[in-house]
Amino acid sequence: PFVSGQLTRLLTDIAIAAKIVNHQVNRAGLAGILGGTDRVNVQDEQQQKLDVFADRTFLRMLSAGKSVAGIGSEEREEFVLCGNEGRNGKYVVLIDPLDGSSNIDVNVSIGTIFSIHRRTTPLGEPLVDHDFLQPGSHQVAAGYILYGSSTMLVYTTGTGVNGFTLDPAVGEFFLSHPSMSFPERGATYSINDALLARATAPTQTFIAGCREASEPPFRARYIGSLVSDFHRNLIHGGIYLYPSLEGKPEGKLRLLYECAPLAFIAEQAGGLAEDDTGRILDRVPTNLHERVPFYVGSRHLMHALNAC
Ligand code: P6P
């Protein structure tokens with residue numbers, strides 16, 4: 001009864017922005033858009049030209065619509081309030097406009113991750129921080145775009161996960177992967193092996209167990225692009241770990257626009273997503289760029305990790 005069409009409009013705008021970014025990603029080597037800028041983002045990482053392009057494209061597209069009151073982006077230190085101090089628009093969006101950007105110059109797949117929440121302040125009032133700092137369990141929708149061998153949009157609104165593949169000839173996303181879910185079994189683990197010695201004991205024990213397993217033997221697959229590793233594990237079964245590290249207990253990945261949206265998708269697809277204390281979706285954020293340890297994937301593998 002309260003449907004206004006704003007969420008549909010918002011998801012359509014995300015799909016349009018994805019097509020624009022996809023076009024640039026596919027021709028990055030030709031468009032003089034490879035490489036880094038002379039700027040460093042809030043993560044203290046050199047901004048790649050495509051990072052900046054993707055951030056600007058999604059923000060322009062989302063702020064032009066009437067559905068979004070504010071946006072939190074990996075590329076920007078502060079929240080961005082859309083028109084009139086965020087008084088209008090039912091939704092706020094948290095986004096990693098181009099994740100895995102270290103792979104851009106070497107032509108490895110990269111992705112966009114987005115999370116959509118309903119504002120908590122009443123329409124007509126300016127947005128405040130807690131409109132953005134909501135637990136992942138409050139998400140209205142979450143998804144990712146994978147700029148890979150094909151370009152896919154995968155998202156959930158809380159009733160399962162569906163995958164859409166872009167047909168460049170038509171310029172439209174078509175439903176190619178209905179009702180996506182983790183397979184019952186899976187034998188792939190994804191972790192940066194160079195970090196393992198600094199990881200906590202349970203992670204080290206779990207990975208040692210994977211390496212010794214024979215029925216079935218495990219595969220190690222790590223692309224270094226979260227969306228790609230997550231998507232492969234969703235299709236074939238598997239687990240991705242970016243653990244807490246000695247000297248870096250919070251790990252690397254960001255709660256609001258990487259872990260929480262992927263956790264929503266993972267749970268909707270029959271998997272699990274946790275940090276060192278429990279369910280990612282229960283975690284209440286304290287700031288826009290908060291980092292958390294992240295373990296996500298097939299239920300049986302997450303249970304095996306928790307048993308370590
Ligand atoms: P590392 C990319 O920078 C990213 O945020 C994720 O996409 C990826 O899984 C991870 O970091 C890679 O981090 O430390 O293994 O290079």
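What you are looking at is a predicted structure, and each value in this text was computed from that prediction instead of being measured. When a ligand or atom number is given, it counts from 1 through the structure's own listing order.
- A distance limit of 4.0 angstrom between heavy atoms and ligand 1 selects the residues Asp99, Gly100, Asn192, Tyr222, Gly224, Ser225, Leu226, Tyr240, Tyr242, Lys252, Leu253, Arg254, Glu258.
- Partners of Tyr295 under the side-chain hydrogen bond (donor to acceptor under 3.5 Å, both in side chains) rule, at least two apart in sequence or in another chain, are Asp276.
- Phe164 and Tyr155 have parallel rings, their planes meeting at less than 30° on a 0 to 90° scale where 60° marks the start of perpendicular.
- Listed by chain and number, the residues in a side-chain hydrogen bond (donor to acceptor under 3.5 Å, both in side chains) with Asp99 amount to none (sequence neighbours excluded).
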Listed pairs under 3.5 Å, donor-acceptor, residues 255-274 side chains, sequence neighbours left out:
residue : atom : partner : partner atom : Å
Tyr257  : OH   : Gln43   : NE2          : 2.8
Tyr257  : OH   : His289  : ND1          : 2.6
Glu258  : OE1  : Arg254  : N            : 2.8
Glu258  : OE2  : Arg254  : NH1          : 3.4
Glu267  : OE1  : Arg279  : NE           : 3.2
Glu267  : OE1  : Arg279  : NH2          : 2.9
Glu267  : OE2  : Arg279  : NE           : 2.9
Gln268  : OE1  : Thr159  : N            : 3.4
Gln268  : OE1  : Gly160  : N            : 2.6
Glu274  : OE1  : Asn306  : ND2          : 2.9
Glu274  : OE2  : Asn306  : ND2          : 3.4

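- In this structure, Ser67 contributes its side chain and Gly89 its backbone to no donor-acceptor pair below 3.5 Å.
- A side-chain contact (heavy atoms from CB on, under 4.5 Å) with Ile110 is found for one member of Ile145, Val227, Ile104 and no other, namely Ile104.
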